[in-house]
Every structure is written in C-alpha cells, then in structure tokens.
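Numbering of ligands and ligand atoms starts at 1, following listing order.
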Amino acid sequence: MNLSHYRAAGALRDGTPIIIRAIQPDDDEALREGFRLLSDQTIYQRFFQAKRDLAEHELRYLTQLDFVDHVGLAAVISNPAGEFIIGVGRFVRLGSGRAGVRGVERDRTPAHAEVAFVVGDEFQGQGVGSQLLAHLVVIARDLGIRYLEAEVLPENRPMIAVFRRSGLPITEAVHEGVLHVELRLDGSQEERVGSGVGARVRPAAAAPDGGPGETGPA
Ligand SMILES: CC(C)(COP(=O)(O)OP(=O)(O)OC[C@H]1O[C@@H](n2cnc3c(N)ncnc32)[C@H](O)[C@@H]1OP(=O)(O)O)[C@@H](O)C(=O)NCCC(=O)NCCS
C-alpha cells in the first residue's frame with residue numbers, strides 16, 4: 001500500500017461521514033488556518049506551550065511527510081464548499097534522527113514512535129481522535145513500529161481516555177509532571193482480540209485524495 005495515498009471511511013458519533021486520509025504537502029495553508037481557530041487550551045495540550053501561529057518550517061515539518069518515519073493522517077468532512085480538516089494525528093519514529101512531535105529529539109530505537117493528535121474544538125468528543133489512533137496503529141504495525149509513545153498532560157482526560165480505550169496493552173508513568181504513555185502494538189493475538197483499535201478500522205484504499213483542505217488543525 002502506498003501510505004502517502006492512505007484513505008479510509010469513518011464517521012462522527014452523530015453519523016456524519018468523515019474521511020481519514022494521508023496529510024499532503026498542500027494541506028499547509030489549511031493547517032495554518034485551522035491552527036488559528038484552535039482554543040488556547042487545545043494548543044497548550046498539543047504543544048505544551050502557548051502559540052498563536054505556525055512558522056513556515058513548522059508547517060513544512062507537519063505536512064511534508066515521508067510515510068516511513070513520519071506519518072500523518074487528517075480527518076476531513078467533505079461538503080459542496082470543499083473539504084474541511086477537523087483533526088489530525090501523526091507519529092514520528094524515534095531514533096530516526098528526526099525530532100519528535102514537539103520538535104525535540106528523543107533517544108529510542110526505531111521500533112518506537114511518538115504519537116500526537118489535535119482535533120478542532122467543536123469536533124472534540126465525537127470519536128475523531130479514537131479513529132485517527134486506530135488507523136495510525138494499523139500503519140505503525142505495517143512499518144514495524146512496536147511501541148507508540150505519548151507525552152500527555154495528566155489533566156488531559158480525553159487523550160488518556162482515547163489511549164486507554166484502544167484495547168492495546170498500555171503502560172503509564174508520570175515524570176516531571178507529564179504523563180508518559182506507551183502502547184504496545186506487538187501484543188499476542190489474544191491481546192488483540194476485541195481490541196477497540198481493530199474493531200474501528202475499515203479497510204483503506206490507496207486512492208489519491210481530493211486536493212488541499214480548506215482549514216484544519218496541526
Ligand atoms: C485529545 C483529543 C485528541 C481526543 O480526540 P477526540 O476526538 O476528542 O477523542 P474521542 O472523541 O475519540 O474520545 C474522547 C474520549 O474522552 C472522553 N472525555 C471527554 N472529555 C472528558 C473529560 N473531561 N473527562 C473524561 N473523559 C472525557 C470522551 O467521553 C471520549 O470517551 P468515550 O468515547 O468513552 O466517550 C482531542 O480532544 C484534542 O484535540 N484535544 C486537544 C489537543 C490534545 O490534547 N492533544 C493530545 C496531545 S498528545
């Protein structure tokens with residue numbers, strides 16, 4: 001499968017159809033515009049710092065992906081006016097010489113990747129984060145990644161809920177006020193049965209997607 005053309009169907013809790021698709025280089029303007037719409041709290045939970053804009057080099061980093069060491073998916077709603085990005089999820093393989101999801105290099109083996117998400121404020125709590133994680137897990141396994149890690153603020157209950165409900169073996173540890181979560185992807189078949197992840201992913205097609213989104217988060 002050509003992961004840079006990854007595309008799958010999904011839905012919000014209210015039944016609204018969404019597409020989960022690979023982030024493209026020409027999503028840069030949509031991500032920038034969407035970022036400007038995010039609340040301060042959402043930005044802080046994603047980047048651990050206050051931020052009002054994304055710099056050019058950050059936009060390049062977030063959209064020019066190799067789909068080997070850095071994989072990113074956008075959740076989009078299509079309507080007659082165009083395509084609207086409502087959330088993104090990504091992982092960056094650690095030990096690959098790349099900076100992690102917050103631009104900080106972390107020392108791990110390439111079997112580890114760091115994962116991060118952001119969903120537009122008005123679309124949070126509708127299953128987008130969970131569906132993005134489910135697809136990222138399938139792709140990560142395909143790329144030989146065995147652990148997905150995340151740094152989460154301990155008060156970020158929705159993110160913690162998404163990880164805990166994934167059905168994957170999970171370890172959690174608090175270090176310097178940040179919760180470190182590690183999901184194990186290479187569990188036995190028994191551990192995978194009934195996993196929320198497997199249950200939520202529909203087969204993806206390697207179809208080209210419909211062009212640049214209008215707006216969306218980072
Ligand atoms: C964290 C985030 C990515 C989750 O995405 P999402 O689309 O909102 O997640 P989902 O709808 O799939 O699931 C959220 C879960 O948290 C639960 N939840 C929501 N608010 C909650 C709260 N205050 N306390 C406890 N659980 C809460 C929801 O009920 C849901 O669980 P359920 O499916 O069992 O009902 C999204 O909320 C977000 O972008 N937050 C800001 C940025 C961020 O925190 N990024 C993570 C950095 S690693």
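One finds no salt bridge joining Arg141 and Asp186 here, because no Lys/Arg side-chain nitrogen approaches an Asp/Glu carboxylate oxygen to under 4.0 Å. Between Arg32 and Glu56, at least one side-chain nitrogen of the basic residue sits less than 4.0 Å from a carboxylate oxygen of the acidic one, meeting the salt-bridge criterion.
Heavy-atom separations between Gly127 and ligand 1 include at least one value shorter than 4.0 Å.
Numbered from 1 in the order shown, with element, the atoms of ligand 1 that lie under 4.0 Å from a heavy atom of Ser130 read 10 (P), 12 (O), 13 (O). Close approach of ligand 1 to Ala161 is summarised as follows: ligand atoms under 4.0 Å from at least one heavy atom of the residue are 15 (C), 16 (O). Proximity to Val118 (heavy-atom distance under 4.0 Å) selects the following atoms of ligand 1: 39 (O). Counting the atoms of ligand 1 from 1 in the order shown, those under 4.0 Å from a heavy atom of Asn156 are 43 (C), 44 (O), 46 (C). For ligand 1, the atoms sitting less than 4.0 Å from at least one non-hydrogen atom of Val128 are 7 (O), 12 (O), numbered in the order shown with element in parentheses.
The shortest contact between atom 8 (O) of ligand 1 and any protein heavy atom is with Gly125 N, 2.8 Å. Looking only at protein heavy atoms, the nearest one to atom 42 (C) of ligand 1 is Thr42 O, 3.6 Å. Annotation: atom 33 (O) of ligand 1 to nearest protein heavy atom, Arg13 NH2, 2.5 Å. In terms of protein heavy-atom proximity, atom 41 (C) of ligand 1 is nearest to Gln45 OE1, 3.4 Å. Atom 13 (O) of ligand 1 has as its closest protein heavy atom Val162 CG2, 3.4 Å. Ranking protein heavy atoms by distance to atom 7 (O) of ligand 1, first place goes to Gly129 N, 2.8 Å. Of the protein's non-hydrogen atoms, the one nearest atom 34 (O) of ligand 1 is Arg165 CD, 3.1 Å. In terms of protein heavy-atom proximity, atom 2 (C) of ligand 1 is nearest to Met159 SD, 4.4 Å.
Under the 3.5 Å distance criterion, with hydrogens and angles disregarded, a donor-acceptor pair is assigned to the side chains of Thr42 and Gln124.
In the hydrophobic cluster analysis, where Ile, Leu, Val, Met, Phe, Trp and Tyr join through side-chain heavy atoms closer than 4.5 angstrom, Val115 is grouped apart from Leu153. A continuous path of hydrophobic side-chain contacts links Ile170 to Ile145 [ILVMFWY only; heavy atoms under 4.5 Å]. The hydrophobic clustering, which links ILVMFWY residues whose side-chain heavy atoms are closer than 4.5 Å, places Leu65 and Leu132 together.
For atom 25 (C) of ligand 1, a protein heavy-atom neighbour is present inside the 4.0 Å cut-off.
The ring pair (Phe, Tyr, Trp, His ring centres under 6.0 Å) check on Phe163 picks up nothing, with sequence neighbours excluded.
Polar contact with ligand 1: absent for Ala150 (N/O pair, distance under 3.5 Å).
Shown are Glu172, His175, Glu151; of these, the side chain to side chain donor-acceptor pair (under 3.5 Å) with His180 is made only by Glu151. Shown are Val138, Leu148, Val128; of these, the side chain to side chain contact (heavy atoms under 4.5 Å, CB included) with Leu133 is made only by Leu148.
The nearest pair of heavy atoms linking Val178 to Pro154 is CA-CD, 4.3 Å.
In this comparison of Phe47, Phe117, Phe123, Tyr44, the heavy atom closest to atom 3 (C) of ligand 1 sits on Phe117. Among Gln126, Glu155, Arg157, Gln124, the residue whose heavy atom lies nearest to atom 38 (C) of ligand 1 is Gln124. For atom 19 (C) of ligand 1, the choice among Ala134, Gly120, Gly89, Pro158 with the nearest heavy atom turns out to be Pro158.
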* Chi angles and distances behind the side-chain contact (heavy atoms from CB on, under 4.5 Å) call for Ile19, Glu83 -> CA-CA 10 Å; Ile19 301 289; Glu83 196 184 61; 5.8 Å; no
* To do: May I have the step-by-step check of side-chain contact (heavy atoms from CB on, under 4.5 Å) for Ile139 and Phe91, ending in yes or no?
  => CA-CA 10 Å; Ile139 293 171; Phe91 65 75; 4.1 Å; yes
